[in-house]
2 protein chains.
Amino acid sequence: MATIRDVARLADVSVATVSNVLNSVDRVSPELSARVRAAMEKLSYAPHAGARSLRKRSSGLIGLIVGDITNPFFSDLFEAVEDAAAACGYLVLLCNSNERSEREEAHLRMLRTQRIDGLILAPTGAASMNRASLLAQLEIPVVLVDRAMEGLGYDAVVLDNRRAGFEATRHLIGCGHKRIGLVNGPDVLRTAAERLAGYREALLGAGLSVDPDLIRDGAFRQQPAEQAMSELLALPQPPSAIFATNNLMTVGVMKVLADRGLACPEDISVIGIDDLPWAEAVSPQLSAVAQPVRAMGEAALDLLLRRLSGSLQGPGTTSVMAPRLHIRRSCGMPATGRPAHVG
Amino acid sequence: MATIRDVARLADVSVATVSNVLNSVDRVSPELSARVRAAMEKLSYAPHAGARSLRKRSSGLIGLIVGDITNPFFSDLFEAVEDAAAACGYLVLLCNSNERSEREEAHLRMLRTQRIDGLILAPTGAASMNRASLLAQLEIPVVLVDRAMEGLGYDAVVLDNRRAGFEATRHLIGCGHKRIGLVNGPDVLRTAAERLAGYREALLGAGLSVDPDLIRDGAFRQQPAEQAMSELLALPQPPSAIFATNNLMTVGVMKVLADRGLACPEDISVIGIDDLPWAEAVSPQLSAVAQPVRAMGEAALDLLLRRLSGSLQGPGTTSVMAPRLHIRRSCGMPATGRPAHVG
DNA sequence: GAGCTTGATTGAAACGTTACAAAAATCCTG
DNA sequence: CAGGATTTTTGTAACGTTTCAATCAAGCTC
């Protein structure tokens, strides 16, 4: 494979000149520039990123760590980040932690040896001391997405979770529901706690009471959510509507419904957080509080780029994005009395 | 950030020794090895991948180019590839071409400057001369996934598309359907052509005729599939069952059904290729011919690794994977006569 | 214990770039 | 047209590794 020397030789200039046209800096005469470009073309020259990163102390790589690339939220996020990054000449190194903190840490280490210029992190699980120190060792700008971590001074892009919880619940209340089941994430997580807060606020604001029996932990995952949903249905007074606080759990809830032949929204109403690409393709079409994923990805990259260019300085800012309620068909009036199929 | 010299100094050995323990080669005494390891720990040393790749002429990076990371098929594929790659110490550089060949080419160029060691490519669109030459310039092993390209001598991992088409169609026939609509990809693509061949074979084998009116091009995308589906429903004699040859188009088909309030499988049966994570969560639970995505990803990486290690030589082999029919609830007996809601 | 063999350790030359200072070429100005 | 001020071009020293030949130490053999 051709090196910069080969190009220089063929164009009959110095390597420094080739480097200059490569980096389109300095003033190199149009004539030489053309000769160099022709030589590069002829040799189909591609610079060596490793050598460049060695010398420049910057790699043109940015890292993105997500918990589960299979989750539409994260694949959309990647798409948005990569689109924006490519436009600025950055390449995105995607790491899938599979929600396992050991893998996340392993990835962090690999990203360090790759000398990435910046990192966008959607942290999985609880904050750990270990992770905090690994992040610090990176010595590069970090932007948190989806889940903020207090006190580390990083920039963050998050959803207005309280409002998301509030709006979903209020919509259900507006349909006439009084007993609304909540399938939530573990409340040690900020996102889950805030969504719960929104739920309570809506309930209380409408003069309804908050029944702790109706609040279940679905661990933000499908299986546990199915379990939680089953418990909810087994209650002496089951809820007439369900609010699932993320997409995986919404799927779990729907699965239980499908398994038991319960009709939605006739027997029970459902709303979720996170829109799903197929929300309009199923019957009933699913109502949901959507996160502006693309905007979040772009905002995160923008923050990162501004840190990298030095145009943004000082302590981390967290930008809070507004959720958007998509009303479709899965929420209706409460069924009168207890659904026939249950129990 | 600490370099290998710092480690050497602290451990009071030569840099060569540090390098040796780093690469766990040669015979370095346990004593020195321990001292070096301690020093690395203390300095929290991370080697510089760029420098290493410069010297070793291998980067530890492998590339994966897909058309749409948002498609569950591809995100599952990435997950499988990354899992397997991480286990061998490789990092995966994921590129999302968004089904645009210009972006694919741009990515190919970036991957070349990154000096990736190998590439797994799920080519988008038709084979292009340009791409072929870009691939050749890479001068590294390439494995094709999902869609083979003839005559370039690359390894490939593909589905047995004919059989997938055959089994889906036969299932529908087994339910009693005689007029089966096909929403297929563009038949310039091998995969689409083969799936069509399976469809014909099943029909003909059952003594049924192949009605060209029932065969539509949905371009492997959701929107065009919706259009195709609408046309199918508008036929004087609409089909009693639909076979959509990929997941996006299945979503499109279901969306049209949902929009029109048609019940599945009562009014019309549906089967698709590609299982979907939420296939069991919707009603009706969706029948589908699943691709063994994980196995395909692992097979692709395995092929690549064997090329890299030199244990596999010679012309490219293509490994054909068997589809698996998942029968659920979306296929039933044909409705008697034309569905009431249509027209 | 002298010579040999074997095994562990090391010095220094690449690898392909960029950045900086120095050199060369060009353009002014009086 | 000499001399100075600019603008282009270039030589070369890093950057952080690995590799390979060379050195050094230790263990044998007779």
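Convention: sequence-line order gives letters A, B, ...; per-chain numbering from 1.
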Can you list everything that forms a side chain to side chain donor-acceptor pair (under 3.5 Å) with Arg5(B)? Sequence neighbours excluded, please. none
Show the atom names and distances, to 0.1 Å, of all donor-acceptor pairs under 3.5 Å that link a side chain in residues 89-99 of chain B to residues at least two apart or in another chain.
unit_1   : atom_1 : unit_2    : atom_2 : d
Asn96(B) : OD1    : Ile69(B)  : N      : 2.8
Ser97(B) : OG     : Val66(B)  : O      : 3.2
Ser97(B) : OG     : Glu99(B)  : N      : 3.3
Asn98(B) : ND2    : Asp83(A)  : OD1    : 3.4
Glu99(B) : OE1    : Thr124(B) : OG1    : 2.7

Heavy atoms only, 4.0 Å cut-off, all strands: where does Ser29(B) land among base, sugar-phosphate and nothing? sugar-phosphate
Can you check the Gln114(B) CD to dT17(C) C1' distance for me, whole Å? 14 Å
Residues passing the side chain to side chain donor-acceptor pair (under 3.5 Å) test with Ser133(A), sequence neighbours excluded, are none
Does Ser14(B) place a side-chain N or O at less than 4.0 Å from the phosphate oxygens OP1/OP2 of dG11(C)? no
Across all chains, not counting sequence neighbours, the side chain to side chain donor-acceptor pair (under 3.5 Å) partners of Arg57(A) are none
Just by protein heavy atoms under 4.0 Å, how would nucleotides 20-28 of chain C read 5' to 3' in B, S and -? ---------
Atom CZ of Arg115(B) to atom P of dC15(C): distance rounded to whole Å? 14 Å
Tell me if a side-chain donor or acceptor on Arg147(B) pairs with a main-chain N or O of Thr191(B) at a distance below 3.5 Å. no
Heavy atoms within less than 4.0 Å of DNA chain C: which residues of residues 42-57 of chain B have one? Give them sorted by number. Leu54(B), Arg55(B), Arg57(B)
Any chance you could measure Leu134(A), atom CG, to Leu108(A), atom CG, to the nearest 0.5 Å? 5.0 Å
Output the rounded distance in Å from CG (Asn23(B)) to P (dT10(C)). 16 Å
As a quick check of understanding, evaluate salt bridge (Lys or Arg N to Asp or Glu O under 4.0 Å) for Glu79(A) and Arg294(A), giving each step before the final call. CA-CA 8 Å; Glu79(A) 189 176 63; Arg294(A) 259 205 106 72; 3.6 Å; yes
Value rounded to 0.5 Å, distance of OG in Ser53(A) from CG in Leu61(A): 8.5 Å
Could you list by number each residue of residues 3-12 of chain B showing a heavy-atom separation from DNA chain D of less than 4.0 Å, or answer none if no residue does? Thr3(B), Ile4(B)
Heavy-atom donor-acceptor pair, Ser59(A) side chain to Arg115(A) backbone, under 3.5 Å: yes
Angle by which the axis turns from one end of the helix from dG1(C)-dC30(D) to dG30(C)-dC1(D) to the other, five pairs per end, to 10 degrees: 40°
Spacing between Arg27(B) atom CZ and dA26(D) atom C1', to the nearest angstrom: 14 Å
Residues in salt bridge (charged side-chain N to carboxylate O under 4.0 Å, His left out) with Asp68(A), at least two apart? none
Restricting to pairs with a member in residues 37-50 of chain A, which pass side-chain hydrogen bond (donor to acceptor under 3.5 Å, both in side chains), not counting sequence neighbours? Ser33(A)-Arg37(A)
Those residues at least two apart in sequence (or on a different chain) that pass salt bridge (charged side-chain N to carboxylate O under 4.0 Å, His left out) with Asp146(A) are none
Residues which pass side chain to side chain donor-acceptor pair (under 3.5 Å) with Arg306(B), listed by chain and number, not counting sequence neighbours: Asp302(B)
